[in-house]
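For clarity, every value in this text was computed on a predicted model and none was experimentally measured. We name chains A, B, ... by the order of the sequence lines, and we start the count at 1 in each one.
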2 protein chains.
Amino acid sequence: MADFDLAIIGTGSGNSILDERYVDKRVAICEQGVFGGTCLNVGCIPTKMFVYAAGVAEQIRESARFGVDGRLDGVRWPDIVSRVFGRIDPLAGGGEQYRRSSPNVEVFASHTRFSGPDSGDGYRLHTDDGDEFTAEQVVIAAGARATVPQAILECGVPYHTSDTIMRISDLPEHLVIVGGGFVAAEFAHVFSALGSRVTIVLRGTTMLSHCDDTVCERFTDIAGKKWEIRSRRNIVSGESDGSGVSLRLDDGATLRGDVLLVATGRVPNGDRLDAHLAGVEVTDGLVTVDEFQRTTARNVFALGDVSSPYQLKHVANHEARVVKHNLLQDWDDTEALMPANHDNVPSAVFTEPQIACVGLTENEARAAGYRIRSKVQDYGDVAYGWAMEDSTGFAKLIVDDDTGLLLGAHIMGHQASSIIQPLIQAMAFGLPAQDMARGQYWIHPALPEVVENALLSLCGEPPWPRPRRH
Amino acid sequence: MADFDLAIIGTGSGNSILDERYVDKRVAICEQGVFGGTCLNVGCIPTKMFVYAAGVAEQIRESARFGVDGRLDGVRWPDIVSRVFGRIDPLAGGGEQYRRSSPNVEVFASHTRFSGPDSGDGYRLHTDDGDEFTAEQVVIAAGARATVPQAILECGVPYHTSDTIMRISDLPEHLVIVGGGFVAAEFAHVFSALGSRVTIVLRGTTMLSHCDDTVCERFTDIAGKKWEIRSRRNIVSGESDGSGVSLRLDDGATLRGDVLLVATGRVPNGDRLDAHLAGVEVTDGLVTVDEFQRTTARNVFALGDVSSPYQLKHVANHEARVVKHNLLQDWDDTEALMPANHDNVPSAVFTEPQIACVGLTENEARAAGYRIRSKVQDYGDVAYGWAMEDSTGFAKLIVDDDTGLLLGAHIMGHQASSIIQPLIQAMAFGLPAQDMARGQYWIHPALPEVVENALLSLCGEPPWPRPRRH
């Protein structure tokens, strides 16, 4: 039985741990699927490539109001799929090849589980292919998986999740999406912009209900004009009807579609590792970690979606950097261990309009007892918004009235994920909103002026610029 | 003869001075043209509306490589012009109407000049319409004007400048542009994307020669593939040939075009005010000001293009805020006076690809004696760049090796004017490059990752994240 210094379960962010400091360690890398994890293969990266193509199609349809007569002759769905996966699949393959060629690394291409607690020589693990090995240190980076409601599983109707929908052979005439979160919002945009009719079945009344109310309400309003939304509805049963699916809702209605996409959330994969045998605490699949990404079992770390409520690649990457450092320290030396920083974690939804958020929602800020000021500034108030003929974009900022610090920023509109970055930066470094507004130049007439104007509305004209630095 | 407390010459940024603190002052506002100045009427705002339409047309032409078959059936130039000026012209008219309706303001709609020095009762001024008045305080905000080479003026050939080109009646088949600065770069993009053939006549060898060499060289390279560039050439004479112009270059060649756009720079209007009579120092049209925006004549301030080498609206706006404050202080009280801040002034060129810059170029940084590190990071290295199929965009960052502080940032590519803002902010507030890279989250897979990656390349992985704030 092979003995390793380190075993890494999962090759998303987990695959970024090995650097030159690890060349003398014997490492087992365990991957049951393809190398690269969710982000590369079925998440952030391919979706954004589809989203970009969708944006191009939408731009063409809306060109006339800019005095430009574009016509959309068609969408070559198979070519879009080929462009995306022709680029991504070789990366995943190359990633695996690279690891297999490393003399100190062994790849186990099969599902891997713990066999028991630390025996003194390390943890024993085994794969579904029958391999067994030990590892002194283990990193659990096994990610998360799409959930599917019981009623859909039970009725046996064919369905897709985000894992498979991007590789379907044809653009569906009518796509039914169950769920109203970010995955639903992104694919609804992709497929509708490319030409599908989209129906969304929601349990609640709004899409993106985790967002600030202003985002959530305004987005749902826009969504309702583009897509058919069946709110307060659940699917109770369904059947395949030859070319598509026929779904029964809990109000008795029947909904027919050509393709069904289930986007009802993702659960962490910690329940599939027999981790309890090693003393790793797992709750509903979520591996418990402390601020140093240590699990409850000595020398076992975890990172990314399997242990994080965020399920965001930039968070997983940060945690991977933390684990990369901490694996090389003494387990107990909290002075030497690096803590993860989960303050001011931003996120974005690459739907249309794009959405980006950081910090507290208005409700969260009020519930936390802050005295706040908030401002919703429309894109249409600034010159770049005029140029775009924008009528829906906005930046909502929330400031602590006592300290002048930003508590949250919620932007919906073109390039929201770009123009939010200075706000993330201000929050991370404690820059007061008024200083942010007037202590720097904002290029006229660029899009970030919407942020500048929101800040000024909140803070007023300062009596004085910041001190000269001559 | 009317006596005013304050006279403001020019209604660009000058028009933003009056706020509630000025309601008890008698104010003369002098505007020889339309209200709103260059930015609103013939500069930033209308050009960006044309640029946006141009971008839509270009997107349609390039759609096929995203699997989307768009066709550009045509461009309705007159509709584009109507859309832009149908929005802007009423704003200019409304601005004038608003001032005329203010009980404490009188509008002089004619060219205004100084008649002499401060008589003790204030400065005497007179208009070309024959009005005379005095003012205790004067703000010179008279802007700048397009220059035209002597050879073009002398030969009498019809030409346009940025003041008029946006209102021509038809899209020219072939546009000849003289000059290679930002005005030339923006209009070359607008007209070529909308369907004109474009020829550029350059005195030097590169376009945008004020930019960092990497920007300048790469942009000129791209430009040379889209537009015909005649470099190291001057126009020596020309004639109107019925439907267009025929220009003689100094290499003996003849260049024919349907429309001629002169974009050879702008000179400040300080030479047209008889300002020397009031004791205001003016050099080549540029009004001399100190850090408080005071001219050399007591109680006379100046702001914006007439006194600033920047010729940027965001700088003029800042100076207007400074003057707005300083007019209400004692002229000599340098403790009470607000200094203007001209550190880290960014600028953008809304051509294709878009360009944004702040701080020193690499050459400037080296000449200033800094030990520097610089990094050019391609858009194509990050996921959003993949999605866009970007092959030309980049962010170039220059860091002071001794302090770790950013010295300059130069970005060419999609939304450069947005993704540069966190860098402007970092420079304004002295945030070291390494802290900027790792002390905040960068949304994956958003476009600002190109900045994050450039920072990381320059700074390496820091050994430790910044201190926890628990």
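Contact annotation for B/S347: only backbone heavy atoms (N, CA, C, O) come within less than 4.5 Å of a heavy atom of chain A. If you measure heavy-atom distances from B/A426 to chain A, the contacts under 4.5 Å come from both the backbone and the side chain. For B/R65, the part lying near chain A is the backbone, with the side chain staying farther off; criterion is any non-hydrogen pair under 4.5 Å. Proximity to chain B is limited to the side chain of A/L194, based on heavy atoms less than 4.5 angstrom apart. For a residue to count as touching a neighbouring chain, one of its non-hydrogen atoms must lie under 4.5 Å from one of that chain's; by this rule B/Q425 touches chain A with backbone and side chain alike. With a threshold of 4.5 angstrom between heavy atoms, B/L312 does not approach chain A through any atom at all. For a residue to count as touching a neighbouring chain, one of its non-hydrogen atoms must lie under 4.5 Å from one of that chain's; by this rule B/V315 touches chain A with backbone and side chain alike. Proximity to chain A (any heavy atom under 4.5 Å) is shown, for B/A64, by both the backbone and the side chain.
The two residues B/I80 and A/G67 make their nearest non-hydrogen contact at CG1-CA, 3.9 Å. Contact record, A/A428 with B/Q440: CB-CB, 3.8 Å, taken as the closest heavy-atom pair. Heavy-atom minimum distance, B/A383 versus A/I45: CB-CG1, 3.8 Å. Pairing each heavy atom of B/A53 with each of A/V68, the nearest pair is O-CG2, 3.6 Å. The minimum heavy-atom distance between A/A387 and B/K48, with the atom names listed, is CB-O, 3.6 Å.
Looking only at heavy-atom pairs under 4.5 Å with chain A, the residue among B/V84, B/N317, B/V56, B/T47 that has the most is B/V56. Of the listed residues (B/Q354, B/M49, B/R87), the one with the most heavy-atom contacts under 4.5 Å to chain A is B/R87. The candidate with the highest count of non-hydrogen atom pairs below 4.5 Å against chain B, out of A/R61, A/R83, A/M436, is A/R83. Put simply, of B/L72, B/L447, B/L431, the one with the most heavy-atom pairs under 4.5 Å next to chain A is B/L431. For the set B/D73, B/V345, B/V358, B/V451, the entry with the most heavy-atom pairs within less than 4.5 Å of chain A is B/D73.
Between B/H342 and A/Y441 the shortest side-chain heavy-atom distance falls below 4.5 Å. In this structure, A/Q421 and B/W442 have side chains that are in contact, with non-hydrogen atoms separated by less than 4.5 Å. With contacts defined as side-chain heavy-atom distances shorter than 4.5 Å, the pair A/H314/B/E449 does not qualify. Side-chain contact between B/P445 and A/K313 is absent, with no heavy-atom pair separated by less than 4.5 Å. Residues B/I424 and A/I443 are in side-chain contact: their nearest non-hydrogen atoms beyond the backbone lie under 4.5 Å apart.
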Would A/S63 and B/I60 satisfy side chain to side chain contact (heavy atoms under 4.5 Å, CB included), going step by step from the backbone distance to the final call? CA-CA 9 Å; A/S63 59; B/I60 294 169; 3.7 Å; yes

Yes or no on side chain to side chain contact (heavy atoms under 4.5 Å, CB included) for B/R438 and A/H318, after CA distance, side-chain angles and deciding distance? CA-CA 9 Å; B/R438 276 291 172 252; A/H318 169 70; 5.8 Å; no

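Atom OG of B/S418 and atom CD1 of A/I420 lie 13.0 Å apart (nearest 0.5 Å).
Using cut-offs of 30° and 60° on the angle between ring planes, the pair B/F350 and A/Y384 is tilted. Between A/F66 and B/Y52, the angle of the ring planes lies from 30° to 60°, which puts this pair in the tilted group.
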